[in-house]
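Heads up: the structure comes next, in structure tokens.
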Amino acid sequence: MADVEQLQQDYLAQIASADLAGLEEIRIAALGKQGAISGLLKTLGQMSAEERQEQGPRINGAREAVTAAITTRKDALEGAALNARLAAEAIDLTLPPAASAQGSVHPVSQVMDELAEIFADLGFAVATGPEIESGWYNFTALNMPETHPARAMHDTFYFPDRNAQGEEMLLRTHTSPVQIRTMMAQKPPIRIIAPGRTYRSDSDATHTPMFHQVEGLVIDKGITMAHLKWTLETFVKAFFERDDIVLRLRPSYFPFTEPSAEVDVGFTVEKGKRVIGGDPTGPNGGWMEILGSGMVNRKVIEHCGLDPDVWQGFAFGCGIDRLAMLKYGMDDLRAFFDGDLRWLKHYGFSSLDVPTLSGGVGA
Ligand code: 2NL
């Protein structure tokens, strides 16, 4: 059995000059399932006891010698590779770290945060509710019965199936159902804003099928239109960060408010751009409609289970996307929802930018 020693010698010679890939090939050839030394180990089972006594240590010795040689050679090669890398790679610890990718806050989210902050300082809580609503919460409770023309005007997205109560289901066309739900669930006094996504089957340069709205609601005793006007004036001045802003209330009609008023805000043209504020009656001035509002219709208060002879209030509604465009000078509504990261990089906000009434409301 001189060939066991010969085999061992051959392998040790190969191992001494092999690279890492070669080592693996040698390991498989010698010690793998079909390997030469593994094959010799299998023959021990067919030998007589004396023969096994003699061959066993030789074959096992070869196995151990080859295994140890592979391990030693592998450690040496890996150590050398590491040393070569350490020598080649110079690390300059004085360099600044590579900047990590950072996201930014979408203008709509920023404006929602600003609204929440401003109205929080005025004592309003933020209320939210479902985007899938029944016709009752979206229309009927708001004094828009089945045949009401305003119901057709809302270009509503309806679902093909009705709910378990047999009611027609739809995507809310405004956030008013949130106020209805709040009035039905809480005892007055109520002071809330309801910001969120709303849907109308409408699509052109100034309308997207999904848009954002904020509505406000106050229900208390002895609330008048004066409270409404002061609240809106205070909000608009805080939001646009100017004191010289004037409001104009024009009589209007909404089924859910009586009386109703459309609210215009004074603007002036500065460097060819319309900015909120300044003298709307001057040569560069004018009025721009930004809000709808009114005293909550007593029928709506009754629908929510409250006594309109005890509780009164005001409400208003306004488009968040438009507020963002006016404040931050963006001119194409569709870009808001394209998901173009270059647009977001240009118009987005730092997540550390926390708006407050006292500290200003944004970058
Ligand atoms: C607009 C007009 C408005 C309301 C929304 C409201 C909600 C309840 C009761 C009464 Cl629960 N009113 N909301 C009131 C007046 C106007 O929105 O032009 N929005 C974009």
Side-chain angles (χ1 to χ4, degrees), residues 91-120 126-133 155-157 170-175 178 193-215 235-236 238-242 265 267 269-277 288-291 317-363:
I91 300 173
D92 184 350
L93 294 172
T94 66
L95 284 174
S100 55
Q102 202 165 26
S104 52
V105 175
H106 194 284
V108 171
S109 302
Q110 170 75 13
V111 168
M112 283 190 179
D113 286 351
E114 293 176 10
L115 293 166
E117 289 288 341
I118 292 168
F119 278 101
V126 172
T128 57
E131 291 173 24
I132 297 173
E133 274 291 5
D155 299 311
T156 312
F157 287 113
L170 47 83
L171 289 174
R172 67 182 184 192
T173 60
H174 44 197
T175 60
V178 177
I193 58 165
R197 281 187 279 268
T198 50
Y199 303 85
R200 290 185 200 182
S201 174
D202 218 352
S203 189
D204 58 42
T206 53
H207 296 88
T208 48
M210 187 282 300
F211 58 103
H212 297 84
Q213 209 199 13
V214 63
E215 288 201 16
F235 155 62
V236 169
F239 181 76
F240 289 106
E241 297 176 80
R242 276 178 79 143
V265 60
F267 71 84
V269 177
E270 278 177 20
K271 294 185 197 121
K273 271 203 155 181
R274 282 183 177 196
V275 293
I276 305 295
M288 197 186 315
E289 186 199 320
I290 58 160
L291 282 144
C318 145
I320 290 179
D321 310 319
R322 214 169 107 76
L323 282 182
M325 290 171 82
L326 279 173
K327 179 163 175 178
Y328 295 112
M330 293 163 292
D331 47 24
D332 188 353
L333 176 65
R334 286 171 293 192
F336 274 62
F337 312 116
D338 278 349
D340 187 331
L341 285 176
R342 293 165 302 179
W343 183 87
L344 194 56
K345 211 175 171 66
H346 186 74
Y347 287 111
F349 294 85
S350 159
S351 54
L352 300 174
D353 217 2
V354 180
T356 62
L357 248 197
S358 51
V361 282

Could you measure the distance from the [atom1] atom of [X] to the [atom2] atom of [Y]? Nearest 0.5 Å is fine.
{"X": "Arg334", "Y": "Asp204", "atom1": "CZ", "atom2": "CG", "result": "7.5 Å"}
{"X": "Gln110", "Y": "Ile320", "atom1": "CD", "atom2": "CD1", "result": "12.0 Å"}
{"X": "Leu170", "Y": "Glu131", "atom1": "CG", "atom2": "CD", "result": "12.5 Å"}
{"X": "Asp321", "Y": "Phe337", "atom1": "CG", "atom2": "CZ", "result": "4.0 Å"}
{"X": "Leu115", "Y": "Glu117", "atom1": "CG", "atom2": "CD", "result": "10.5 Å"}
{"X": "Phe240", "Y": "Leu323", "atom1": "CZ", "atom2": "CG", "result": "5.5 Å"}

Inset, instruction - Go through the structure and list residues passing side-chain contact (heavy atoms from CB on, under 4.5 Å) with Ser109, not counting sequence neighbours. - result: Val105, His106

Inset, instruction - Identify whether the distance between the nearest side-chain nitrogen and carboxylate oxygen of Arg172 and Glu215 falls below 4.0 Å. - result: no

Legend entry - Side chains of Val275 and Arg242 in contact at under 4.5 Å (non-hydrogen atoms): yes

Inset, instruction - For residues Thr208 and Phe336, determine if any side-chain heavy atom of one lies less than 4.5 Å from a side-chain heavy atom of the other. - result: no

Taking every non-hydrogen atom, the tightest pair across [X] and [Y]:
{"X": "Tyr347", "Y": "Gly329", "result": "OH-O, 3.9 Å"}
{"X": "Val178", "Y": "Gly129", "result": "CG2-N, 3.7 Å"}
{"X": "Leu326", "Y": "Met288", "result": "CD2-SD, 3.5 Å"}
{"X": "Ala127", "Y": "Pro195", "result": "O-CD, 3.7 Å"}
{"X": "Leu333", "Y": "Thr206", "result": "CD2-O, 3.2 Å"}
{"X": "Pro107", "Y": "Trp343", "result": "CG-CH2, 3.8 Å"}

Legend entry - Tyr199/Asp155 under side chain to side chain contact (heavy atoms under 4.5 Å, CB included): CA gap, chis, key distance, verdict: CA-CA 9 Å; Tyr199 303 85; Asp155 299 311; over 6 Å; no

Inset, instruction - Inspect the surroundings of CZ in Arg197 and state if more than 12 heavy atoms from other residues, nucleotides or ligands are less than 6.0 Å away. - result: no

Legend entry - Residues in ring-ring contact (aromatic ring centres under 6.0 Å, His included) contact with Phe119, at least two apart in sequence or another chain: Phe124, Phe235, Phe316

Inset, instruction - Look at the side chain of Arg200 and the backbone N and O of Thr173, then say whether any donor-acceptor pair between them is shorter than 3.5 Å. - result: yes

Inset, instruction - Please confirm whether the backbone N or O of Phe211 pairs with a side-chain atom of Thr198, one donor and one acceptor, at under 3.5 Å? - result: yes

Inset, instruction - Go through the structure and list residues passing side chain to side chain donor-acceptor pair (under 3.5 Å) with Asp331, not counting sequence neighbours. - result: none

